[in-house]
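The chains referred to below are lettered A, B, ... by the order of the sequence lines, with proteins before strands, and numbering in each begins at 1.
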Amino acid sequence: MLHERAAPTIVRAMSQTPSPDGPARYNFRETEARWQKSWEAAGTFRAAMIPGKPKYYVLEMFPYPSGRIHMGHVRNYTQGDVVARYRRARGYNVLHPMGWDAFGLPAENAAMEKKVHPAKWTYENIATMKTQLKSMGLSLDWSREVATCDPSYYRHQQKMFLDFWKAGLAYRKEAWVNWDPVDNTVLANEQVIDGKGWRTGAPVERRKLTQWNLRITHFADELLERLNTLDRWPEKVRLMQANWIGKSRGARVNWALTDASGADRGRLEIFTTRPDTLFGASFMALSAEHPVVADLAAADPALQRFVEECRKTGTAAADLETAEKQGYKLPLLARHPLKPNETVPVFAANFVLMEYGTGAIFGCPGHDERDHEFARKYGLPILQVVAPADGAKIDIQAAAFVEDGVLVNSQFLDGLGVEDAKARIIARLEETKVGTGTTQYRLRDWLVSRQRYWGCPIPAIHCDDCGAVPVPEKDLPVTLPDDVTFDRPGNPLDRHPTWKHVPCPKCGKPARRETDTFDTFIDSSWYFDRFTSPGVADAPFDRAENKYWMPVDQYIGGVEHAILHLLYSRFWTRAMREVGLADRDEPFEGLFTQGMVCHETYRAADGTWLTPEEIRRDGDRVTRLSDGAAVTVGRSEKMSKSKKNVVDPDQIIRDYGADTARWFMLSDSPPERDLEWTEAGVAGAWRFQQRLWRLVSARAADLAGAGDAAAATGPALALLRAAHRAAAGVSADIEAFHFNKAVARLYELANTIDGFAATDATDRAALRETLEVFITLIGPMTPHLAEELWRTLGHATLLADAPWPKADPALLVDDTVRLAVQMNGKLRATLELPKDCAREDAERAALALPEVMRGLDGKPPKRVVVVPNRIVNIVV
RNA sequence: GCCCGCUUGAUGGAAUGGUAGACAUACGGGACUUAAAAUCCCGAGGCCGCGAGGCCGUGCUGGUUCAAGUCCAGCAGCGGGCACCA
């Protein structure tokens, strides 16, 4: 969903193609196409606002049009479709739309490699994938389809950007960015892998550029606090977002700087979360990108070289981990704000981040591991100012002490605990005006400029006199020029001969268009709003429609978007609120993150990967089809082109049908966990479809006009009970996203139906009712088969319009219960008793059992525990 | 390093503290068939026993409880997220 790194490969036919359809077989090819046409002709899934009718907005993360759908899509959209069809049947007014996250890098790569224009490539992919999605039989309202690369879509996001700009939520700033020196472009963090550009493999550099940013930090606290109220989000995602926002309490402290002669060199502000350890300071460290360092470097070639070094390494996590702490001693001294007679040396250091806090820290080696390492390397003093509370002796020279404890060697803080000491020293810093208590966030503003062609143009014009000027609203949308070339690296917009030359809207002098485009995560930050009224031309959406449909009741997608996409969308919603476009805080009421689709991996003796179609299985023996050579079976991993363990959904749908693919996706694995795709599992799902077809069609003729099941007794009553229990259970399972359990219940009900033989009219009525319940219950999962069976039973109307079965409470309880009889907690026997029978009766019946008598051996029990309708435990 | 999650038959997985292994897949046996496929029936956690039956069993070690896969403490393994964030 959204953007992914690579498109899946196309895989050829399954080795185990089902035999041709005979007369007794369910012909899925003909049937699925027919019902898809029926739904479309009837407009079954078209959504329309009906004020007063409860709505339900189901949304799956829309796909990037990479070329073909893959199994991840099939799983995601199947889950969403189950929810959507279920809610429809429950009487909700359901909105279930689909669109395309259509801007992005792969289109430009295709343009470079295949000499095809990004727009052409994208729209062709959309056409292909739309056909594929339609073959899945999803209950989508295609009339609301949206592609983010369409000017009628992105013009609104340009307008919203201008609104944000006016409101101070968008701004330009100089920032250090990841620069790919081969492609001459900025890369997003996620496009930097192990410190190298993902496309070129060139080591990424840090470069200072003026770029557009969105002020997401303005909402940092709100974004964090509101996470607590998202109780239908996975705990894990909320936690990840909270960590990402990274709120920490601390203090900013000013230190006076002097040079070696004692002359004033201004002040230096640092941020710390441990102001309590201020008396343990033994050095100051500045980021190599800090302005003070830049000033000094102008006259110091050696420092310049140091700064250069830091810039080149620096970005990759792997590098950072192994990189040694490096410092460069600056010709400065810092005066301790609370010990006026003491100074500490000042370093530029490679481990201090310019982007966090003030880009400067004080080093307290005694109580910070990084500072400890740095102090040891440069022979700086290591002072202990916190001691273990239990009085244990520690060697502060050997290792930093970072736990809670009691302050020592710290004047007025001595004897206080860490938390108390923090409060006390912040108060003192504020009194003496050398610092303030502050809250710091790890979250940074969202850098949205990209030096790309295939993205939404940023609607700004740069004038030498007026600076950055908004494009006037009447000139929106700013569209992309078609005549561009991709034969050279860099941004085709920037080198286009005419596109960027425009007069300044303010003063009329020649000026230049902004040639950067937006990060594509902007496109996906509000598409769910657009779906509520996609046809509106003069606004991003109709206010009334939006108010009716939003928020999304159930959002479903991959956990890989736990932070970026979901956080950006939460921000965009708030930014819209801020400029008066909407009055909502949160876009997604419920969120579900589905697991990945995995498959075994296969390798030949020479180590090359093999596709599932290149191998052959004989029991435990796995060989290569072409030459019979032995194949090593590897563990199951996420389907990926590079490991060749990809199965093409198109092929599966062609060979087995959409319902089989859907059924298999839902069975066995819990939806949030990874699913292992197996050929045997698909074949099993396919056999079950056939079995259901036989189950119903063999009985249908006999059931026409079957009467009332109310008089059912004995086996017929038991059958009805099974049906109603299944109805209640499946409903609860779907609502709880336990699709695998719902599937198991349906298997059970099918087994029960199979074992039932109707002998009289009442039996036939009970069987008919059971089959109708059963067909309705499988409807959300295997909609084509269910429609066909529904018709087979004689219905002339669509199952998709039929209401969900209501479980009769009277049929959900049995007259008798089977309870376990334990001795000392170990099962000895079971006992069939009337429901809710008296404790004494249960105890008496249990003690009379031969198994129990034998165990007691004539002795009286020590104690008997009776849990009504559950268990009798006899303690001896 | 920090944070989070997971660990149950051959496999995917069920199980409000109350009959562990529902359901499925794979497997074995049988029926049908000239044969196969398909279909149908039966079996199946491990060990002991002819059998009736018994003992053991949810990563490991303890604890709470009449009763623990489930709760608590500690440990191990696997997976995920973040990571010089001061």
Item checked: Over-ring placement of A:Lys325 relative to A:Phe351, 6.0 Å and 45° cut-offs -> yes
Next item on the list: For the residue pair A:Trp686 and A:Asp655, establish whether any side-chain heavy-atom pair is separated by less than 4.5 Å.
Entry: no
Next item on the list: With P as the reference atom in both, quote the distance from B:U39 to B:G49 in angstrom, rounded to an integer.
Entry: 39 Å
Notebook entry, point to check: When the nearest nucleotide of RNA chain B is assigned to A:Val743 and to A:Glu369 on a heavy-atom basis, which residue is associated with the more 5' position?
Noted result: A:Glu369
Notebook entry, point to check: Expressed in whole Å, how much space separates the P atoms belonging to B:C78 and B:G29?
Noted result: 38 Å
Check: Rounded to the Å, how far apart are A:Phe688 CZ and B:A38 C1'?
Finding: 17 Å
Checklist line | Which nucleotide in B:C4, B:G53, B:G18 has an atom nearest any side-chain atom of A:Arg854 | finding: B:G53
Checklist line | Integer angstrom distance from the C1' of B:C27 to that of B:U34 | finding: 27 Å
Note to self: Under a 4.0 Å threshold between the charged nitrogen and the carboxylate oxygen, would A:Arg691 count as salt-bridged to A:Asp754?
What the structure shows: yes
Check: At under 4.0 Å, does any side-chain N or O of A:Asn751 touch on OP1 or OP2 of B:A24?
Finding: yes
Notebook entry, point to check: Taking O4'-C1'-N9-C4 for purines and O4'-C1'-N1-C2 for pyrimidines, is B:G81 syn (within 90° of 0) or anti?
Noted result: anti
Check: Hey, does the side chain of A:Tyr356 come within less than 4.0 Å of B:A86's phosphate (OP1/OP2), counting only N and O?
Finding: yes
Notebook entry, point to check: Any salt bridge between A:Glu851 and A:Arg854, counting N to O under 4.0 Å?
Noted result: no
Note to self: My understanding is that a pair needs two contacts under 3.5 Å, Watson-Crick or G-U wobble. By that rule, which nucleotide pairs with B:A76?
What the structure shows: B:U7
Notebook entry, point to check: Expressed in whole Å, how much space separates the C1' atoms belonging to B:A83 and B:C72?
Noted result: 32 Å
Check: Any donor-acceptor pair under 3.5 Å between the side chain of A:Arg870 and the base of B:U16?
Finding: yes
Next item on the list: Could you tell me whether the phosphate oxygens of B:C66, OP1 or OP2, come under 4.0 Å of any side-chain nitrogen or oxygen in A:Arg863?
Entry: yes
Item checked: Base partner of B:A86, which must satisfy Watson-Crick or wobble distances under 3.5 Å -> none
Note to self: Under the criterion ring-ring contact (aromatic ring centres under 6.0 Å, His included), I'd like the reasoning laid out for A:Tyr26 against A:Phe28: C-alpha separation, chi angles, the key distance, then a yes or no.
What the structure shows: CA-CA 6 Å; A:Tyr26 171 57; A:Phe28 63 84; 7.0 Å; no
Item checked: Span that lies between the C1' atom of B:U65 and that of B:A10, in whole angstrom -> 35 Å
Notebook entry, point to check: Which one, B:G12, B:C55, B:C40, comes nearest to the side chain of A:Arg694?
Noted result: B:C40
Check: Think A:Lys826 has a side-chain N or O under 4.0 angstrom from the OP1 or OP2 of B:C56?
Finding: yes
Check: Could one point to a donor on the side chain of A:Lys325 or the base of B:C84 with an acceptor on the other under 3.5 Å away?
Finding: yes
Check: CD1 of A:Ile563 versus C1' of B:G81: gap in Å, rounded?
Finding: 7 Å
Note to self: Between C1' on B:C55 and CE on A:Met823, what's the gap in Å once rounded to a whole number?
What the structure shows: 16 Å
Margin query: How many whole angstroms separate atom CG of A:Asn873 from atom P of B:U19?
Written below: 11 Å
Note to self: Which nucleotide, if any, forms a Watson-Crick or G-U wobble pair with B:C2, using both distances under 3.5 Å?
What the structure shows: B:G81
Check: Closer than 4.0 Å, any side-chain N/O of A:Asn740 to the OP1 or OP2 of B:A14?
Finding: yes
Next item on the list: For the pair A:Thr78 and A:Arg662, evaluate side-chain hydrogen bond (donor to acceptor under 3.5 Å, both in side chains) and give the outcome as yes or no after the intermediate values.
Entry: CA-CA 6 Å; A:Thr78 299; A:Arg662 294 169 60 119; 5.0 Å; no
Next item on the list: Ignoring the backbone of A:Arg687, work out which of B:U19, B:A22, B:U25 is nearest its side chain.
Entry: B:U25
Checklist line | Watson-Crick or G-U wobble mate for B:A52, both contacts under 3.5 Å | finding: none
Checklist line | Among B:U19, B:C3, B:A86, the one nearest A:Leu239 by side-chain distance | finding: B:C3
Notebook entry, point to check: In terms of side-chain heavy atoms of A:Asn243, which of B:A83, B:U19, B:C3 is nearest?
Noted result: B:C3
Notebook entry, point to check: Within this structure, what is the CG-to-P distance between A:Leu819 and B:C66, rounded to whole angstrom?
Noted result: 20 Å
Check: Are the aromatic ring centres of A:Phe283 and A:Phe362 under 6.0 angstrom apart?
Finding: no
Notebook entry, point to check: Are A:Asp371 and A:Arg274 close enough for a salt bridge, meaning some N to O gap below 4.0 Å?
Noted result: no
Item checked: Separation of the P atoms in B:A22 and B:U8, to the nearest angstrom -> 16 Å
Next item on the list: Could you please name the partner base of B:A31, counting Watson-Crick and G-U wobble pairs only when both distances are under 3.5 Å?
Entry: B:U39
Notebook entry, point to check: Given B:G81, B:G13, B:C23, which nucleotide is nearest the side-chain atoms of A:Pro670?
Noted result: B:G13
Checklist line | Proximity to the side chain of A:Leu827 - top-ranked nucleotide from B:G18, B:A20, B:A26 | finding: B:A20
Checklist line | 5' precedence on RNA chain B between A:Arg673 and A:Arg691 (nearest-nucleotide basis) | finding: A:Arg673
Notebook entry, point to check: A:Arg442 has an atom CZ; how far is it from atom C1' of B:C2, in whole Å?
Noted result: 12 Å
Next item on the list: State the pairing partner of B:G57; accept Watson-Crick or G-U wobble contacts with both distances under 3.5 Å, and report none otherwise.
Entry: none
Checklist line | Opposite nucleotide pairing with B:G21, Watson-Crick or G-U, both atom distances under 3.5 Å | finding: none
Check: At under 4.0 Å, does any side-chain N or O of A:Ser248 touch on OP1 or OP2 of B:A86?
Finding: yes
Check: When the distance from CZ of A:Arg238 to P of B:C82 is rounded to whole Å, what number comes out?
Finding: 19 Å
Check: Roughly, in whole Å, what's the span from CG in A:Leu692 to P in B:C23?
Finding: 16 Å
Note to self: Measuring centre to centre across the rings, with the benzene-like ring taken for any Trp, is A:Tyr656 within less than 6.0 Å of A:Phe664?
What the structure shows: no
Checklist line | Per A:Asn350 side chain, nearest of listed nucleotides B:A86, B:U25, B:C84 | finding: B:C84
Margin query: Under 3.5 Å for both donor-acceptor distances, Watson-Crick or wobble: does B:A68 have a partner, and if so which one?
Written below: none
Margin query: Work out how far the C1' atom of B:G80 is from that of B:G74, and round it to whole angstrom.
Written below: 24 Å
Notebook entry, point to check: Nearest of B:C55, B:A86, B:U25 to any side-chain atom of A:Arg828?
Noted result: B:C55
